[in-house]
Peer 1: 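I'd like to ask some things about the structure below.
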Amino acid sequence: MSIDTSAAGVSGNRSGSAVIEFVRKPLVVALVLIVALLALGEALSPGFASLQQILRLSIVAALLGIVAAGQNLVILGGREGIDLSVGGVVSLSAIIAGNLMMGQNGGILPAVLVCLATGALFGLANGLGVTLLRIPPLVMTLGMLGVLQGLLVVIRQGIPSGRAAPALSQFVSQPFLLGLPGIIWLWLAIGLLMAFLLKRTVFGYRVYAIGSNEQAAYMAGVPVRTIRVALFMLSGMFAALAGICLLGYSGSSFANVGETYMLPSIIAVVLGGTPLAGGRGGYTGTMAGAMLLVVLQSILTTINIDESGRQMIFGATLLVLMLFYGRAKAMRG
Amino acid sequence: MTELLIRGARKAYGATLALRRGDFDLKGGEVHVLIGSNGSGKSTLCKIVAGSVKPDAGEVVLNGAPVTIAGPQASRALGIGIFYQELSLAARRTVAENILLPELPATGGLFVNRRELDERAARYIAEFADVAGDGFSADTPVLNLRADQRQLVEIMKALASEAPILIFDEPTSALDRAQVDRFFEILKRLKGEGRAIVFISHRMDEIFAIGDRVTVIRDGETVATSNIAETDPSTVIRQMVGDQGELVAAAAAPAAAPGEARIALQVDRLGGQGFTEISFRVARGEILGFGGLHGQGQSSVLRALFGAASHDAGSVTLDGKPYKAASPRDAIAHGVAYVSGDRSRDGVVQGRPILENVTPIHFLRNRIGLVRPSALKDKADGPLKALKTKFQTIDHPINSLSGGNQQKIVIARWLIDRPDVLLLDDPTKGIDLQAKSDLFALIRQLAAEGMGIVLYSSEDAELLANADRILVFNSGSVTRELRGDERTRYNLYHAAYEAA
Amino acid sequence: DTFTIGLSNGWVGSEWRTQMIEEAQAAAAAWEEKGHTVNVVVQSANVDVPGQIAHVRNFISQGVDAIIINPNSPTAFDPVFAQAKEAGILVISTDAEVSSPDAIYVGIDQTAWGARGAEWLAETLNGEGKVVAINGVAGHPANEMRVAGYRSVFEQHPGIEVVNEVNANWDQAQGQQAMQNLLATYPDIAGVWVQDGMAAGAWKSIQDAGKTGDIAATGEIRKDFIDLWTSEGLNSGATVNPPGVMASALNVAVFMLEGRELKEPATAGQYGNAMYLPIPFIDSSNLAEAAAQLEGKPGHYSYTSALSIEDAEALFK
Amino acid sequence: MTSLSPTADRNPFAAALERLPFLPALLILVVLVVLNGWFEPNSLSYRAITGLVSTYLALMMLAIAQTYVVMAGDIDLSVGATLSLVNVVVIVLMERWGGGGGMVLLACFVGILTGLACGLINGLVVAALRLQAIVATFATSIFFTGVALYVLPVAGTPAPAAFWRTYGGRILEIPFVFWVVAALALLLVLLVRTRLTLQLLAVGDDAQGAFQSGLPVAAIRIKGYVLCGLFAALAALCITGDTASGDPLVGGKMTLYSVAAVVLGGSALSGGKGTVVGSLVGALIIGLINSLVFFVGTPSEWQNLVQGLAILIALMAGVFVGRRVGQ
Ligand SMILES: Nc1ncnc2c1ncn2[C@@H]1O[C@H](COP(=O)(O)OP(=O)(O)OP(=O)(O)O)[C@@H](O)[C@H]1O
Ligand SMILES: Nc1ncnc2c1ncn2[C@@H]1O[C@H](COP(=O)(O)OP(=O)(O)OP(=O)(O)O)[C@@H](O)[C@H]1O
Ligand SMILES: [Mg+2]
Ligand SMILES: [Mg+2]
């Protein structure tokens, strides 16, 4: 079974028709909505759906999508898995990377290594709190977010904010291969990697198993804790990777750049058809979810209305979109 | 007199047709038994009447008037009370609160009237006071109760509806004999009051002890209704099984254990939470039975041997080598297998494909990292066939199967790579007769092939028919061992009730 | 004399704020030479309005002589400042004005700040062309004052058309994204009015789009931006809100604690309690000077200025 | 029959904790009070305590608000936005209608209706439309923030002096906020005894079971959200009293604090277990940690980190102890 047919279990009544089944797939829903929004954007302001602009939007979506990859894994692993600390890790990683690079290409490799290690470290702390102390993930990562925000303040007073290496900036925003920027390739590679991880490795099978029924997984010899800790570590590493890319995108690190990724990364996962309960879903949908979110946000930027109106429309639209996805089963079956 | 008629009730879950055509009539003053194999649609039919499942088609006629049952509340309002097979309790609420949860007595419609609540709950608790066991009181959170006690609470909750129509969907599956007897007394009294009662059980003796009429349901269709007095167990079984041919008679167990065989598992003075001083040996080729009233430590011992519970005294050897499992993972690596009767908790990974549910042990024992689905499917095929598992394709989610077939999948996962010792913890709980006989044939075959098997069963007949020796548990220790001709129902009951 | 002054800063999301605190601490230390001991206690953390009210209450509990605050709200502190005054504590706000009659404001006029950049933009564009604005957090008072400032200027230039105004929440990356979207939608814009760190982001998008030569946009005062500005020859102008404002406020506070009276009481601004400091401006004409002041400083360091003790004394009788 | 009961050897402390899951939190609170008094004796003065209560009363209310949805296993990430919206509605109405006593009360009343409406919207979206609570209430929070910005585009607009002087003043020599606390305590005592509280907890325990038992689960959850909206509105009135002004963003950061307070108070986010008293204590713990960090003399750049660590540790300790003893 493909990981994308996840909606099946979510909605109460399934139709026998293969066509309807297909159309109900979150991935298909998201893609259709993306196209519809692009068309709407083009109608509102010509040029919105130009190839160039779509590419630029994809860059922004890639940043969100990379954070959402880790978020997705943690959510799939169940037991109310969620990682609110990703925003803090993104910021921390951007700062560390900037300082290790200081505008020098030679600094990229050490920066990537150190940042991934840092992300993994915070993920490890989250994972240990969740597994060994059995702190609910929302609580653990919320607390960790507070710690990370405090740490950012300390660090930013101690060391200057650094600059991205030119090669990194180029990688993120300039065409790299076949006219696509490197970050898009990176994102696609992550998409493939995630699909492979979830569908073709025992690790992936086990992620779904613990997400769906942890006790049964434990009784079948699945190393529950190890897997859950690994998921949080992966989440930290993806967030750190996103932090590095964000540094490349904006050229220099500053303030709490990552804060804006916390809840949107969760929304992207949900719009991608992975319910927060875990055990179902996959990353392909999440990629579409991230793109959908970014397109929606940028449409709202381009229409000339008050901020209040933008927020009202954004909030309401999100609600309407959610109706297409992860609605809980009706109590009455 | 109350009368409930159901005509042509139908319910499909996606491709699964849970109920094809449910016809059923129920009269006041009778206990109407509903029987059918796992997944035949009994619970679905009950839930339709209780309002918690919305039928695709069909009509319900109550006292001559057609009614629509819009939901559980509406059903209650129509005078229908139900015991749910999977229970409907709030774990952190107290026994009393749970009993009256559907209609909490309130002052001014706003504040809980504690006094009235306690008084009313006490009435139902009193009915079971002497059989409920330790730690059962009105203000105990349900969380702290044993499985049988929880089932009692669900029974009390159904009784508290004081409804003219009462549905009991497998209310006795966790109860001990005394509790069942008490429950049956109450049912008889209610019947006398003119209430209409639906009763579901997989235990044939219970059905014939309490039923007035029996309706057999097969593959989602009600096939026959007869007066209990005018039928007999084998007729009922034939109706349940349909044209699939005669059931194989339960295999008579060999008289004695193969004496010379190697010892697979030796346990010396094992002690832990819920059991003490347990000693026994299991030879390869032998099926050792655990018997006694349920909850006497049998499960705890098996779980401890599997590393899922701790033991703090005694020693274990596996094939002559010292063995202590720190976790199930550890046990599996040593070639020990464990099948729990509580499949929804311990066995099934809900919502995931059958394939993923069959393979975890294989992954672990072969240290597999990458998955090749086609190769895996080949591996899974054999065990699934051996168990006669019914499924559409191996990529379908396991929830699309009936309970019995789900349990077969859980068992199949142990058969890709054969373990040395198989621990069966009431593996047939809620499984239909056909599946049971398939399963025990297989278990016997596995033993013959050299496995050491421990079988705990809450059904005496099952144990007597399949175990080579039986250890009877009482209060956490073994009080008697039954061998050869000693394995009689009388001896088993006697030993079980001895110190109780 | 010995004075204890509490410094409260309710947002630590930028180096500008750090520099503000550091300059104030340095200013306090400088009083040692004048024979005064000025102790500062600092509460500088990311807090919301209630959190910063707690800052003030902590200072009151501690019994400080004066409180200098960079407030998260213009009006929310009225009650707690009244309590501080009751306890005999002098309250000065800086960087953002407060409505409390129990406090005075020492800092720049944010409306004038917004207007100054707009004037530069209008002049640079010769009063002609499409302009977009990228603003901070909608509903934030400092943001709204700056917005009022630029709007009042653009209104006086009929040739200038403000085609869109968006909010990027003082976040550099959001500023960059917003600019990217705006460039896609309005390919023919000539000018961008943008604040603070978001300016660096906006300029990054302008550069990425290869429009560096075609667009005039306001800039910011961090050294790394000034360097970029110099090397790329950006068509930019930056109004300065110096991080030294808190140091200026501190120097004023010490004189007031000494019991000195202002020559001209602080009565400016919409709340009639403000004392405005001059607003420097950087454009191509004095870019080199600004760069010289920042020589050798780290990239995050902002161009600054503050009232010296002498400057401050000149304001008193 | 002698059967092996899992309940036989439960210790009395575990039983107490089952009934009063906020005991660990209360202990932490006492320790914090002592430490605060140790490092800054003034912090235990009458005035300082009044100040502490005035400052954190809004968070206490918000934590209570959050508790009523958490009980049923839901969550509300829009409480902060609801608070902001009510705050600006009240401020704008008071400005429109003048600062007369009757008008002020009427404005407060409309504010409360606004909070109830927000709660109702959340309830409908989560319980009736069956969207996932975390993301759905995040979406409504964006929507409510938009409405708040529409009502009052920029922070400011002073409240009538009569309003905030009452809030910050005294009645019969006792600070007004203490009267509020007393009234709140009474209200909570009443609420604890309601059928709704029990039903919320039952739904939180097992929603499907509650539904099958015949409880109107959707209606109960909606009522939980409405109650949440009510307390968020009361929190807004407190904020309005303490800040004497309107700010469309004032509540933004308080949402996650309200969640933290609820957890600190011993409630389970998975539902079925929760007390409002605990949440109230949790809110005070957050307040006392913040002030303690300052009174201890933490250098400013470390303040956020130490606060963050202290809250994380308190959260972990609370959850850990609660579960350990509860087992
Ligand atoms: N005795 C037990 N019975 C049932 N479930 C258990 C038991 N112990 C642990 N679990 C479940 O398994 C989870 C993980 O337990 P544990 O850490 O032992 O996993 P593990 O498989 O040993 O992992 P690892 O190999 O990484 O140590 C627990 O959170 C719990 O849900
Ligand atoms: N919620 C559901 N979703 C999908 N399939 C379901 C659901 N509930 C029941 N089924 C399927 O419907 C069929 C009938 O199930 P039902 O529970 O009525 O059987 P039953 O006769 O009560 O069996 P048992 O004796 O095991 O309790 C089974 O195949 C089952 O798998
Ligand atoms: Mg059933
Ligand atoms: Mg382990």
Side-chain angles (χ1 to χ4, degrees), chain A residues 1-18 20-21 24 76-78 195-227 274-275 277-282 329-333, chain B residues 11-15 18 44 47 51-54 56 70-72 303 306-308 327-333 338-340 342-357 359-365 367-373 393-399 410 413-414:
Chain A
M1 162 185 277
S2 135
I3 49 169
D4 299 319
T5 51
S6 51
V10 181
S11 56
N13 37 12
R14 272 177 269 167
S15 162
S17 156
I20 294 183
E21 191 87 356
R24 285 187 68 89
L76 278 178
F196 178 77
L197 189 74
L198 291 174
K199 278 189 190 173
R200 287 300 160 91
T201 68
V202 169
F203 179 82
Y205 276 42
R206 288 175 168 169
V207 170
Y208 284 110
I210 67 170
S212 165
N213 185 350
E214 173 172 327
Q215 173 73 10
Y218 175 77
M219 297 300 270
V222 173
V224 175
R225 289 183 189 179
T226 313
I227 301 235
T274 302
R280 279 198 305 267
K329 248 188 291 193
M331 291 260 160
R332 188 156 185 245
Chain B
K11 177 70 186 177
Y13 292 100
T44 305
K47 285 183 179 171
S52 46
V53 162
K54 184 178 178 178
D56 301 332
R303 292 178 81 91
F306 189 59
S327 66
R329 197 173 162 71
D330 200 12
I332 294 163
Y338 170 87
V339 175
S340 164
D342 192 343
R343 64 178 163 275
S344 63
R345 188 190 65 181
D346 292 335
V348 171
V349 178
Q350 287 91 359
R352 301 308 304 168
I354 293 165
L355 180 68
E356 287 182 25
N357 272 284
T359 48
I361 308 300
H362 180 63
F363 291 152
L364 185 59
R365 296 200 60 181
R367 300 173 186 282
I368 292 176
L370 296 183
V371 175
R372 274 199 309 132
T393 81
I394 200 163
D395 292 325
H396 268 69
I398 191 164
N399 325 38
V410 173
R413 70 167 61 134
W414 296 101

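Order of the sequence lines fixes the chain letters, A, B, ..., with proteins taken first and strands second; residue numbering starts at 1 for each chain.
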Peer 1: Measure from the side-chain N and O atoms of A/Arg332 to the backbone N and O of B/Ala70, and report whether any donor-acceptor pair falls under 3.5 Å.
Peer 2: yes

Peer 1: With a 4.5 angstrom heavy-atom cut-off, is it the side chain or the backbone of B/Arg372 that approaches chain A, or both, or neither?
Peer 2: neither

Peer 1: Under 3.5 Å, side chain of A/Asn213 to main-chain N/O of B/Asp346, donor-acceptor pair present?
Peer 2: no

Peer 1: Is chain A contacted by the side chain of B/Leu364, its backbone, both, or neither, given a heavy-atom distance below 4.5 Å?
Peer 2: both

Peer 1: Is any side-chain heavy atom of A/Tyr218 less than 4.5 Å from a side-chain heavy atom of B/Pro328?
Peer 2: yes

Peer 1: Would you find a donor on one side and an acceptor on the other, under 3.5 Å apart, between the side chain of A/Thr201 and the backbone of B/Leu370?
Peer 2: no

Peer 1: If you count heavy-atom pairs under 4.5 Å between each of A/Gly204, A/Gly211, A/Ala216 and chain B, which one has the most?
Peer 2: A/Ala216

Peer 1: So which part of B/Lys11 gets closer than 4.5 Å to some heavy atom of chain A, the side chain, the backbone, both or neither?
Peer 2: side chain

Peer 1: Applying side chain to side chain contact (heavy atoms under 4.5 Å, CB included), run through B/Phe363 and A/Val222 and close with a yes or a no.
Peer 2: CA-CA 9 Å; B/Phe363 291 152; A/Val222 173; over 6 Å; no

Peer 1: By a 4.5 Å heavy-atom criterion (distance strictly below it), what part of B/Thr359 contacts chain A: side chain, backbone, both, or neither?
Peer 2: side chain

Peer 1: Between B/Ile394 and chain A, which part of the residue has a heavy atom less than 4.5 Å away: side chain, backbone, both or neither?
Peer 2: neither

Peer 1: Tell me every residue that passes ring-ring contact (aromatic ring centres under 6.0 Å, His included) with A/Phe203, counting only those two or more places apart in sequence or in another chain.
Peer 2: none

Peer 1: Measure B/Val53 against the heavy atoms of chain A and call it side chain, backbone, both or neither at under 4.5 Å.
Peer 2: both

Peer 1: I'd like to know if the side chain of B/Arg352 and the backbone of A/Tyr208 have a donor-acceptor N/O pair within less than 3.5 Å.
Peer 2: no

